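Just below is one structure, and these are the notes that go with it.
Counting starts at 1 for both ligands and their atoms, following the listed order. Residue indices begin at 1 and follow the sequence shown. These numbers were taken from a predicted model, which means no experiment stands behind them.
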Amino acid sequence: MTDMSAKTYRAIQVSRPGHLEMVDLPLVPPGPGQVRIRVEACGICHTDAMTVEGGVTDIVYPRVPGHEVVGCIDALGEGVTGWALGRRVGVGFLAGNCGSCAECRRGHFTACRDQRWTGVHHDGGYAEMMLAQANALVSIPDALAAVEAAPLLCAGITVFKALKKSGARPGDIVAIHGVGGLGHLAVQFARKMGFRTVAIARGREKEGPAKALGAHHYINSAGEDAAAALLVLGGARVIVSTVTAPKAISPLVAGLAPHGRLMVVGVGAEPVEISPFALVQNDVSVSGSLTGTTIESEDSLAFSVLQDIRALVETVPLAEARQAYDRMMRNQAQFRIVLTM
Ligand SMILES: [Zn+2]
Ligand SMILES: [Zn+2]
């Protein structure tokens with residue numbers, strides 16, 4: 001608990017690339033259009049590396065990472081309507097669209113030309129308190145605890161939206177590549193959306209968990225040709241790749257059914273190489289998908305409650321964020337690590 005009389009709060013900030021440290025920051029009132037949130041939980045996402053390691057986009061340091069934030073509104077800034085003190089809210093990767101650029105005017109809010117990113121351009125949720133734009137807020141259903149809801153705000157909405165727009169229909173073969181933070185949620189969503197769900201991961205270790213989460217089939221990509229195994233099943237209508245090792249993605253294209261679609265949601269640093277022959281032969285397509293809008297996040301939370309979909313989380317106190325982040329980067333997190341304040 002933060003001692004409000006102290007007028008400071010604890011946060012884990014990146015002082016310069018590669019350096020995470022615990023600091024006390026001054027508590028400031030929310031600006032116009034903002035709310036202040038007393039953070040209860042914040043998931044650790046691979047994309048946090050953008051802030052922690054630096055070098056991808058312009059970031060002004062020091063910066064507090066974290067974009068899977070759940071907490072309660074603690075103060076309202078000028079002009080904020082529709083939100084009240086004490087309301088349980090979440091903030092994902094997108095920190096609020098501008099409302100006036102060409103993409104916003106077309107209703108493409110995730111493509112806003114002036115989109116800020118939580119924990120990248122603004123301080124995020126590795127902290128006891130944070131400020132957020134009111135138009136970035138997601139309402140959290142009572143049925144979800146803060147630690148359950150947090151991973152759904154980035155990992156969850158990312159795969160939920162990709163599956164919704166994938167074009168797959170009930171009964172279609174949908175493969176989820178990677179059974180980690182995003183993948184273990186994608187397997188559950190795919191199963192509950194009515195797809196014949198195939199989980200693909202390296203080794204046999206994830207087979208039990210993937211099947212327990214709803215996968216009808218499991219392919220060990222380290223022990224067999226995953227594309228050939230998909231073709232034996234009939235070919236994938238959709239493959240959603242959640243891995244951050246792009247080299248592992250390329251060979252899967254050959255496992256798509258005619259007119260199939262590879263959707264990339266895992267963000268690795270290297271390029272994804274695709275054989276033109278594989279693209280042309282089966283008339284397949286490759287696309288990406290970026291998170292979702294606030295209302296789409298609320299849809300994914302409601303679907304998770306409706307279908308009893310939950311992230312498998314390991315909770316870690318804020319003070320141990322550095323070690324938890326390092327474990328996530330070494331792929332040693334079981335599924336999702338969530339910081340608690
Ligand atoms: Zn994320
Ligand atoms: Zn805009």
On the 0 to 90° scale, with breaks at 30° and 60°, tag the His184-Phe335 ring pair as parallel, tilted or perpendicular.
->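 Ring orientation, 0 to 90° scale: tilted.
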Is [Y] reachable from [X] through a run of I, L, V, M, F, W or Y residues, each pair having side-chain heavy atoms under 4.5 Å apart?
X	Y	answer
Leu230	Ile249	yes
Val14	Met22	yes
Trp117	Tyr61	yes
Val179	Leu182	yes

Say whether Ser287 and Arg261, considering side chains only, have a donor N or O and an acceptor N or O under 3.5 Å apart.
-> yes
Are Asp123 and Arg63 ion-paired here, with the side-chain N under 4.0 Å from a carboxylate O?
-> yes
Carboxylate-amine/guanidinium contact Glu68 Arg336, below 4.0 Å |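 Yes.
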Could you give the distance from NZ (Lys161) to CG (Leu163), rounded to the nearest 0.5 Å?
-> 12.5 Å
Atoms of the protein (N/O/S only) found under 2.8 Å from the Zn ion (ligand 2) = Cys98 SG, Cys101 SG, Cys104 SG, Cys112 SG
In the shown structure, where waters are left out, how many protein N, O or S atoms lie under 2.8 Å from the Zn ion (ligand 1)?
->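 With waters ignored, the protein N/O/S count below 2.8 Å is 3.
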